[in-house]
Asks: 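My structure is below; once you've seen it, I'll send some questions.
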Amino acid sequence: MLDTKQLRNDMDEVLAGLAKRNFSFDYAQFQTLEAQRKQLQTQTETLQAQRNQSAKSIGQAKARGEDIAPLLASVDDLGAQLERNKQALDSVQQQLEQLLLSIPNLPHDSVPAGLDESGNIEVSRWGTPREFDFSPLDHVAIAEQRGWYDNDAATKISAGRFAVLKGPMARLQRALTQFMLDTHSHIHGYEEVYVPYLVNQDSLFGTGQLPKFAKDLYKIEKDAEHDTSDRDLYLIPTAEVPITNLVRGEIVDAANLPLKFVGHTPCFRSEAGSYGRDVKGLIRQHQFEKVELVQLVHPNDSYMALEALTEHAASILEALELPYRKVLLCAGDMGFSAAKTYDLEVWLPGQQAYREISSCSNFEDFQTRRMMARYREDQDKPQLLHSLNGSGLAVGRTLLAVLENHQQADGRIAIPAALQSYMGGLTHI
RNA sequence: GGAGACGUGGCCGAGAGGCUGAAGGCGCUCCCCUGCUAAGGGAGUAUAGGGUUUGUAGCUCUAUCGAGGGUUCGAAUCCCUCCGUCUCCGCCA
């Protein structure tokens with residue numbers, strides 16, 4: 001959520017930022033609503049002040065034993081008037097809030113303009129795609145050939161776009177997860193956290209998935225007969241949601257910053273709009289494993305933190321000897337809440353292409369304003385934190401990348417040295 | 001799943017329709033006093049939003065006692081719903 005003050009005072013800057021994202025914003029509507037809000041709020045608060053004042057004098061008169069009937073008569077219609085004003089104000093404020101919640105974050109100055117992925121800028125490359133002396137298979141062919149992947153079974157027990165992995169491939173996924181968690185917690189200084197996989201609406205609202213992107217989420221249908229609570233739960237689309245929301249409503253002592261968390265969770269995405277993309281194989285699934293990095297930092301440090309966090313994610317690819325490139329997303333290709341995003345794209349020989357395996361973003365105060373996550377420096381007033389996150393990495397896609405990049409002519413997969421201790425010392429599977 | 005108790009500021013804890021944004025204590029900040037330390041004295045110490053304003057200064061108004069709704073001229077206080085915590089029983093990994 002953008003700062004309403006900024007929206008009121010720096011119209012030009014806001015409009016320029018949104019235009020860079022190709023987001024058209026009805027500023028006239030905002031101004032109309034804002035003018036209405038101002039008038040109604042002033043009126044309402046004046047009425048409230050009047051009510052408080054007369055309630056007080058009624059109390060005092062009563063204490064002195066005086067007749068309060070005339071006083072009561074004088075405030076006769078105040079209540080009704082106040083009620084009308086309040087309702088009008090609520091309505092305008094709701095409209096304003098809806099408008100505000102529909103506005104994406106402003107891109108950082110260093111973010112290039114552009115409408116879609118063609119406007120992204122490759123920042124760097126690491127490693128060289130391997131020259132094969134045989135024709136490399138894609139991960140589906142490799143896994144099916146070895147009996148490690150059973151798509152029919154997944155469809156039978158669940159639905160399309162779910163996976164059943166077996167044997168060494170299932171173990172490899174677990175090994176990758178452990179390796180990532182250990183690296184980030186032991187070497188990069190993140191605190192490992194275990195978090196719920198079902199979250200409430202407030203949490204999804206805080207990180208920006210709601211209200212705009214409800215169709216991408218799996219909602220738990222509650223049993224109305226037995227569950228009388230007024231709370232709906234959703235499967236998390238990423239660990240970003242529960243982890244970032246750890247600081248929702250909190251005021252952190254500045255001395256404790258930065259907060260750095262790493263967590264592993266499954267992620268659930270209904271991807272309602274994505275049919276037709278990556279339908280085959282394990283690239284795009286409704287359920288996948290991910291190790292997530294989250295940082296909450298002082299606003300002055302967030303762009304340094306973004307570089308560091310991206311390197312932390314990249315170091316996993318390097319340790320696994322997987323060629324990748326780092327891409328700076330253009331304004332039009334960024335996610336709704338991001339101010340700046342780097343994607344890491346791993347080389348997939350089966351596709352002869354670089355494919356996204358990590359997305360690292362600085363959200364500045366866009367998320368923390370929604371969730372009122374703040375820090376306090378000395379005796380100063382609380383200020384909004386900056387939040388960042390990045391995949392470190394998407395485990396499912398890392399698994400594919402290992403299979404495709406480290407396949408051998410004999411059909412076996414070479415285990416990267418860094419991972420061997422996590423595979424019980426195996427050098428190949 | 002059953003029974004009961006309870007949710008008040010950074011923390012503990014009063015308050016049971018009006019004089020309570022909230023006593024008292026602890027903690028914290030500043031000042032005074034005191035060879036040092038300890039003790040003592042004084043002042044201050046929530047958050048958000050609005051108006052005014054060049055201003056995140058000052059002044060002022062509003063809201064907030066788990067959350068939401070209701071009763072009332074007036075609610076921390078009474079009523080309803082929900083959430084959460086604790087204790088006991090049951091069940092369970």
Side-chain angles (χ1 to χ4, degrees), chain A residues 1-13 31 33-97 100 194 196-203 205-206 220 222-234 245 247-256 298-300 364-365 368-386:
Chain A
M1 190 162 69
L2 296 181
D3 184 2
T4 41
K5 286 203 183 88
Q6 189 187 14
L7 216 50
R8 290 199 284 258
N9 300 332
D10 302 329
M11 177 185 72
D12 293 340
E13 197 181 327
Q31 281 181 313
L33 285 170
E34 178 55 23
Q36 285 174 15
R37 189 227 92 229
K38 187 167 172 172
Q39 201 217 347
L40 284 167
Q41 183 165 352
T42 310
Q43 267 177 22
T44 305
E45 289 186 352
T46 305
L47 287 170
Q48 281 174 325
Q50 271 173 37
R51 182 204 58 197
N52 292 345
Q53 187 52 49
S54 46
K56 198 172 242 178
S57 32
I58 290 172
Q60 283 164 353
K62 208 174 167 187
R64 286 193 299 267
E66 297 168 9
D67 178 18
I68 58 168
L71 282 170
L72 286 181
S74 73
V75 294
D76 200 24
D77 62 330
L78 197 67
Q81 213 182 328
L82 186 56
E83 195 51 39
R84 278 197 305 275
N85 261 277
K86 256 188 185 160
Q87 274 177 18
L89 178 61
D90 274 359
S91 153
V92 169
Q93 272 177 333
Q94 266 176 35
Q95 289 176 62
L96 263 176
E97 171 139 323
L100 217 55
Y194 171 81
Y197 301 162
L198 290 173
V199 295
N200 58 34
Q201 287 183 309
D202 287 346
S203 296
F205 177 90
I220 302 301
K222 73 179 177 202
D223 177 357
E225 207 180 318
H226 296 103
D227 184 352
T228 54
S229 77
D230 52 11
R231 126 177 332 183
D232 291 313
L233 292 175
Y234 297 78
N245 274 282
V247 295
R248 170 151 55 87
E250 302 290 328
I251 301 175
V252 181
D253 188 336
N256 296 331
H298 191 286
N300 295 342
E364 297 188 2
D365 58 13
T368 55
R369 179 171 297 107
R370 289 173 160 234
M371 61 172 79
M372 286 293 277
R374 295 169 294 172
Y375 69 95
R376 191 196 296 275
E377 209 154 17
D378 302 322
Q379 298 294 307
D380 295 347
K381 285 196 144 213
Q383 304 285 330
L384 293 171
L385 288 159
H386 278 195

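Since the structure is predicted, the reported quantities are computational estimates derived from the model, not experimental observations. First the proteins, then the strands, lettered A, B, ... as listed; each starts at 1.
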Asks: In whole angstrom, give me the gap between the C1' atoms of B/rA3 and B/rA93.
Replies: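 Nearest-Å result for B/rA3 against B/rA93 at atom C1': 25 Å.
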Asks: Rounded to the Å, how far apart are A/R374 CZ and B/rU56 P?
Replies: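 Taking CZ of A/R374 and P of B/rU56, I get 17 Å after rounding.
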Asks: Does a nitrogen or oxygen in the side chain of A/K381 sit under 4.0 Å from OP1 or OP2 of B/rA46?
Replies: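 Checking A/K381 against B/rA46: no side-chain N or O falls below 4.0 Å of OP1 or OP2.
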Asks: With a 4.5 Å limit on heavy-atom distance, are the side chains of A/Q93 and A/Q41 in contact?
Replies: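 They are in contact (side-chain heavy atoms under 4.5 Å apart), so the answer is yes.
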Asks: Which value, in whole Å, describes the distance between the C1' atoms of nucleotides B/rA43 and B/rU62?
Replies: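 Approximately 28 Å lies between the C1' atom of B/rA43 and that of B/rU62.
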Asks: Looking at B/rA63, B/rA48, B/rG18, which one has an atom nearest to any side-chain atom of A/I58?
Replies: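 Per side-chain heavy atoms of A/I58, the pick is B/rG18.
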Asks: Between B/rA63, B/rA48, B/rC73, spot the one nearest the side chain of A/Q48, thanks.
Replies: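 The listed nucleotide nearest to A/Q48's side chain is B/rA63.
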Asks: Check the distance between B/rA46's P and A/Q383's CD and give it to me in whole angstrom.
Replies: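 It is 17 Å, rounded to the nearest whole Å.
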Asks: Does B/rG51 have OP1 or OP2 sitting under 4.0 Å from an N or O in the side chain of A/R37?
Replies: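 Looking at the OP1 and OP2 atoms of B/rG51, one of them is under 4.0 Å from a side-chain N or O of A/R37.
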Asks: Using OP1 and OP2 only, check whether a side-chain N or O of A/R376 sits under 4.0 Å from B/rC28.
Replies: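 So the side chain of A/R376 is outside the cut-off, no N or O lying under 4.0 Å from OP1 or OP2 of B/rC28.
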Asks: Picking from B/rA48, B/rU56, B/rG18, which would you name as closest to the side chain of A/K62?
Replies: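 So the side chain of A/K62 is nearest to B/rG18.
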Asks: Please report, rounded to the nearest Å, how far the P atom of B/rG49 is from the CE atom of A/M1.
Replies: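 Computing the A/M1:CE to B/rG49:P distance gives 10 Å.
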Asks: Nearest whole Å is fine: how far is B/rC73 P from A/L47 CG?
Replies: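 After rounding, the gap between these two atoms is 17 Å.
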Asks: Quickly work out the A/Q94 CD to B/rG68 P distance and round it to whole Å.
Replies: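 That distance rounds to 14 Å.
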Asks: Do the side chain of A/T368 and the main chain of A/L385 share a donor and acceptor less than 3.5 angstrom apart?
Replies: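 Yes; judged by distance alone, with no hydrogens or angles, the pair exists.
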Asks: Would you sketch RNA chain B in dot-bracket for me? Only Watson-Crick or G-U wobble pairs with both distances under 3.5 Å count, crossing pairs as [ ], other-strand pairs as |, the rest as dots.
Replies: ((((((((.[[[..)..(.....]]]((((((.......))))))(((((((.....))))))).[[[[[..)....]]]]])))))))....
Asks: Sticking with atom P, work out how far B/rC78 lies from B/rG7, rounded to a whole angstrom.
Replies: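 These two P atoms come out 11 Å apart once rounded.
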Asks: From CG of A/D202 over to P of B/rC82, roughly how many Å is that when rounded to an integer?
Replies: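 From A/D202 CG to B/rC82 P: 18 Å.
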Asks: Salt bridge check: are A/R374 and A/E250 linked by an N-O gap of less than 4.0 Å?
Replies: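 No, A/R374 and A/E250 are not salt-bridged.
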Asks: Closest-nucleotide mapping onto RNA chain B: is A/E34 or A/A49 further toward the 5' terminus? I mean the 5' end.
Replies: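 It is A/E34, whose closest nucleotide lies nearer the 5' terminus.
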Asks: Whole angstrom is fine here: how far is it from CD in A/Q60 over to P in B/rC19?
Replies: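 After rounding, the gap between these two atoms is 9 Å.
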Asks: Whole-Å distance between B/rA63 C1' and A/Q50 CD?
Replies: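 My rounded result for the distance is 17 Å.
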Asks: Please figure out whether A/R51 or A/K56 has its closest RNA chain B nucleotide nearer the 5' end.
Replies: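 Closer to the 5' end of RNA chain B: A/K56.
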Asks: Quick one: the side chain of A/E45 and the base of B/rG49, do they pair up donor-acceptor inside 3.5 Å?
Replies: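 Check passes, donor-acceptor contact within cut-off.
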Asks: Using a 4.0 Å heavy-atom cut-off, does A/R8 contact any base of the nucleic acid, only the sugar-phosphate backbone, or nothing at all?
Replies: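 A/R8: backbone/sugar contact only, no base atoms under 4.0 Å.
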Asks: Look at the side-chain N and O atoms of A/K86 and state whether any lies under 4.0 Å from the OP1 or OP2 oxygen of B/rG69.
Replies: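 It does not, given that no N or O in the side chain of A/K86 lies less than 4.0 Å from OP1 or OP2 of B/rG69.
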